[in-house]
Participant: 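The structure's right below; bear with me while I get my questions together.
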Amino acid sequence: MRENHQGSDRLSPADRAGGVTSGAGSGREAGNLPTEVTSFVGRRREVYEARRLLAHTRLLTLTGAGGVGKTRLALRVAAEVRRSFPKGVWVVDLAPLNDGALLAQTVLAALGLDHDSDRPALPVLSGHLASRRLLLVLDNCEHLLPSCAELTRSLLASAPGLHVLASSRQALGVDGEHLLPVPPLSTPDRPPPLAVMPQYEAVRLFTDRASAVVPGFTLCDDQRVAIAGICHRLDGIPLAIELAAARLRVLSARQILERLDGRFTVLARGCRATPPRQRTLRATIDWSFELCTPPERRLWARLSVFCGGFDLEAAEEVCTGDGLSRGEILDVVTGLVDKSILIREDHRDQVRFRMLETIRQYGRNLLDEDAGSGELESVQRRHRDHYQRLAARAESESLSLRQMAWCARLALEHANIRAALEFCLSTPGEAGSGLRLVTSLWSHRIGAGGVEEVRHWLGRALAQSPEPSLLRAKALGIDGWLAYMRGDTAAGKARLAECEGVAETLGDAESLAHAVRSAGLAALFHDDYRRAIPLLEDALERHRARQDLAAQWQTLFLLSLACCLSDDPRATELGEECLDLCTAHGAQWSRSYALWVLGLQQWLCGDVQRAVTLLQDALRVERPAHDLLVTALCLEVLAWATAHTGRSHQAAKLLGAAQTLWQSVGCALPGAGRLLHHHNECHSHLQRALGEAPFATAVQTGAELTLDEAVDCAVGRPRSPAPMPTPASTEENAPTPLTRREKDVVDLLAQGLTNKEIATRLVISPRTAGTHVANILGKLGFTSRTQIATWAVEHRAPSRQGSDSRP
C-alpha cells in the first residue's frame, strides 16, 4: 500500500502527479522521478546504506511496517543515485493497481510506452529494457507480491543493465535480493536536555509538522517532556507522528500525550500474531478515527472506494446520502484535510485529494465490515455512476475545445476508471454498464490505459453481454478497429462482421452507420480502396445526417487517407476538410492526425517542403501527453521527406526514432503495403548515401532518443542544457556520509587543487587521493570535481585540514 510518509514527509503534489520528470535533459531518458523530495527528515544512515547496497546488487528491497516511510526513502535514494543510470530512474506506483495481470502493462505506461501490440506486455517490456542501464523503482509491492516477484525475476534475467529498487512490507523472494529494513525514526527513551532534542529524527519531524500547523511553533523547554513522550509512545513511526502533530490545531502537546497514553496502550493489545509496528500503526489510526466527528468518520469510509485520488465534485456525488448531505461534504472534507486524513494536491487549476494508502485501507475495512448493510455496494455503484457520467461527457466533447482537457482529466482518473470497470464486470447484472463505460472511453487511450487495455475490458464486457443491442454493435466496431490496428486481422474481420450482423438485426440508423463505416475500415486495412472509398462516403453521409461530430471526423479522416493512398485527386480537399473540422471545434489532438494525412499527401505529390511544414506543425501541437501513434506516423514520413532534401544523417535519426515508436505502439498501418514500400526505399537510399556503418550508427542514435528528444529533433527545437545535480544534503552543516579524510579532500578540491597537490598536502599517494575523489563523487551523486567544489562552497564544509594528517 502506498506510503507517502518518509519521516512521514508528505509528498508534494509534483511527487504524486505521475507525469513529472526529473529535470529535463538530465539524461538521455530523464525518467519520471519527482524533481524534488521535500522536507526529508533524518534517514541519513538508511540513505547511505541503500546507496552502498545498490552499488553491489541489482535488486534492493526496502522493507518495513506500513507508514514507516519506505516510499519517501526510495524516492530520496533514487534521486541521489540517478546520475549512475544513463537511461534514467523510473518510478512505478503500484498502490492503485489491484490486478497482477496488468503489472507489466502498468510498468510500460510508467516508462512512457504505449503497448498496443499483439505480443504480451512482458516480452515487450523485457525487449525495451534489454540494452538499457536504468533504475526501476517498484513502489508498494506487498499486495501484488507473486506478480512483482515473477516480473522482477524475468526482467533482471533479460536486462543485464537493469537495477530494481522495491518497497514492500515483505521480501519479494527473488534470488539475489538484498533487503534493507526501514526502521522507525530515532526517538528519546526519556526527555533529554532541550539542546539534545533535535538530534532525534522523530522530534525533528514532529517539530517540522507542528510549525506547519501552528505558525511560529518552536521547540521550547515547556513542551520538551510532552513531545519526547509523544515520539517515544508512537515508536517513531512517521505516520503516527504526523497525525499527532496535526492535533496541535486544537490540543496542546501535553493534552495530546494524555489522550494518546491511555488509548494507545489499550489499542496496542490487539492480535499478538500481528507485528508490533502494525499494531502500533493500527492503534494510531484507530485513535485518529475516534477523534473524528461522526460525519468525518462516515465520509472517511466512503472515500475509500476512490483509487488514486478524487476531486470535490466526485466526493459530493459518490458520498452524499444516508447521513451526509451534499452541502456538508465541503466542510467535512476540510475537516479531514485538517486532520491529515486527506492530502490536498494541485493539478494546474484543479484541487484533488487523496488518502495515504494505509488510511484508505482502514476506511475500506470499515465498509467491508458493514457489508451486510449494503453500504459498500451502494457506494461502489455511486462511484461507478459518477465515472460513467464523466466518460459520457468526455465522449460528447471528444471533438471540441475541451478535447485535450479531457485527455488530462481521464489520465488522472485512470485508477478510478479501472475500479469502476472491475465493479461492473464482477457484479452480477452490471456488465452492460461496463460495456457502456469502456465504449465511451476508447478514443481517449491515455485515460483508458492504451489499446491493449481497452481490448482487455471490451473482451470481458462483450463476453458478459451477448444480447444484440446498439451498445454491443458499437463495442464490436470499436474492438474490430483496435484489432486491425494491432495487426490481428482475423479477430478484426470477425468483430466487424458481427457488428454488421447486429446492426442489420437492429435496423436503427446509428448502428447501421457504424456498420457501414466498419465495412469501409476493413476494406481500407486490406488495401481494397475501390471498396473502401464508397463505403466510407456512405458512412460519412449517415453520420452527418445524425450530426455525430466525432464519428464524422473519424470517418472523414479514414476517407481522406484512403484517397491519399489510392491517388484519388480528392485527397487534398478531403484532408483540408478534415483539418477545418478540427479547427472549427478547437480539437487540437485530432488536428495532428489531419495535418499528418495532409503532409503525407503533399509528400506523395512531390511537394517535399510543404510536407515537412505540415508534419512539423503536427508534432508541435501541445497536448497533455504524446500520442505515440501520430508521433510515429509523422516521424516516419518526415524521415522520407528529409532524406530527399539531402540531410541524410538527420533523416536516418528520424527513421531510428520512428522505429522505436513503432515497436512501442505495435500498430499495423492501413495501406501498409504502399507505405512499407516508401520506408524500404528511404532505408536503401540513406544506406547508400551514408555508408552502412554510419547509417547504422545514426539510426541507433535516433532509436535511443526519448520521445521529447525525438520531437525536438524533428522540429529543430534545441534541447535545454542539463541542470546541475542537487546535493545529497541541503541542510546547512547537516551530517554527510563523508569520512573525515573525504571532507579534507573536499576542502582542497574547493581550492582547485589537483590529485597530486591534494596528495602532497595530506601526505598520501596520488592514487589514494584519486580513490577518495571517486568515493566522494559516488556518495554525493555527482559526476565532476567542479560539482564537488560548488557543493563545498555552498555548504561551507568546515575545514579539517591539519587535524589528522594520517592517510
Side-chain angles (χ1 to χ4, degrees), residues 19-33 82-83 85-90 107-117 124-125 127-136 159 161-162 592 596 599 612 615-623 625-643 645 647-667 679 682-683 686-687 690 693-723:
V20 181
T21 56
S22 61
S26 61
R28 189 176 286 272
E29 297 185 28
N32 64 347
L33 184 67
R82 65 174 181 246
R83 293 291 175 180
F85 297 91
K87 295 302 178 183
V89 173
W90 300 85
V107 176
L108 279 168
L111 290 169
L113 302 174
D114 191 0
H115 173 56
D116 298 335
S117 74
V124 175
L125 179 59
H128 175 75
L129 298 176
S131 61
R132 288 170 164 81
R133 177 173 170 79
L134 58 80
L135 176 65
L136 190 64
L162 174 68
S592 291
W596 171 76
V612 168
L615 294 167
Q616 288 180 333
D617 285 349
L619 289 171
R620 288 191 183 99
V621 171
E622 297 295 336
R623 47 194 179 275
H626 287 286
D627 182 293
L628 298 186
L629 176 58
V630 75
T631 304
L633 288 166
C634 290
L635 291 177
E636 179 73 39
V637 182
L638 262 176
W640 309 344
T642 303
T645 66
R647 293 176 294 158
S648 300
H649 189 268
Q650 172 80 350
K653 284 175 62 179
L654 293 175
L655 209 59
Q659 173 182 297
T660 296
L661 286 178
W662 286 126
Q663 291 171 353
S664 298
V665 174
C667 288
H679 170 87
C682 177
H683 186 283
L686 292 174
Q687 201 168 39
L690 292 172
F695 169 73
T697 300
V699 169
Q700 184 61 33
T701 299
E704 293 177 356
L705 294 174
T706 66
L707 188 59
D708 286 333
E709 288 171 340
V711 171
D712 288 346
C713 175
V715 302
R717 189 161 50 208
R719 299 290 297 173
S720 301

Participant: Quick check for you: to the nearest 0.5 Å, what is the distance between Q687 atom CD and S648 atom OG?
Facilitator: 12.0 Å

Participant: How about K87 and E704: do any of their side-chain heavy atoms sit closer than 4.5 Å?
Facilitator: yes

Participant: Is a donor on one side and an acceptor on the other found under 3.5 Å between the side chain of R647 and the backbone of A643?
Facilitator: no

Participant: Taking the ring of H683 and the ring of F695, is the distance between their centroids below 6.0 Å?
Facilitator: yes

Participant: Could you tell me whether a side-chain N or O of W596 sits under 3.5 Å from a main-chain N or O of L633, the two making a donor and an acceptor?
Facilitator: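 Yes.
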
Participant: Do Q659 and V699 have side chains that approach each other closer than 4.5 Å (heavy atoms only, starting at C-beta)?
Facilitator: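 Yes, close enough: below the 4.5 Å cut-off.
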
Participant: Start with the C-alpha distance between L661 and L707, add both sets of side-chain angles, then the distance that settles side-chain contact (heavy atoms from CB on, under 4.5 Å), and finish with yes or no.
Facilitator: CA-CA 8 Å; L661 286 178; L707 188 59; 3.7 Å; yes

Participant: Look only at the side chain of Q700 and the backbone of T697, and say whether a donor-acceptor pair between them is shorter than 3.5 Å.
Facilitator: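 No, Q700 side chain to T697 backbone: no donor-acceptor pair under 3.5 Å.
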
Participant: Atom CH2 of W640 and atom CG of L654: how far apart are they, to the nearest 0.5 Å?
Facilitator: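 Between W640 CH2 and L654 CG, I get 12.5 Å after rounding to 0.5 Å.
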
Participant: Testing the basics here: between K653 and T701, what is the closest heavy-atom pair and its distance to 0.1 Å?
Facilitator: CE-CG2, 4.3 Å

Participant: Any non-hydrogen side-chain atom of L135 less than 4.5 Å from a side-chain atom of W90?
Facilitator: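 L135 vs W90: side chains apart.
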
Participant: Would the distance check show the side chain of Q616 and the main-chain N or O of A714 forming a donor-acceptor pair, the cut-off being under 3.5 Å?
Facilitator: yes

Participant: Work out which heavy atom in A618 is nearest to a heavy atom in S592; give both atom names and the distance.
Facilitator: O-OG, 3.1 Å

Participant: Could you tell me whether a side-chain N or O of T645 sits under 3.5 Å from a main-chain N or O of T642, the two making a donor and an acceptor?
Facilitator: yes

Participant: Do L615 and L619 touch side chain to side chain, with heavy atoms closer than 4.5 Å?
Facilitator: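 They are not in contact (no side-chain heavy atoms under 4.5 Å apart), so the answer is no.
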
Participant: Measure the CG-SG distance between D708 and C713 for me, rounded to the nearest 0.5 Å.
Facilitator: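 One gets 12.5 Å once the value is rounded to the nearest 0.5 Å.
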
Participant: Rounded at 0.5 Å granularity, tell me how far CG in L111 sits from CG in L129.
Facilitator: 6.0 Å

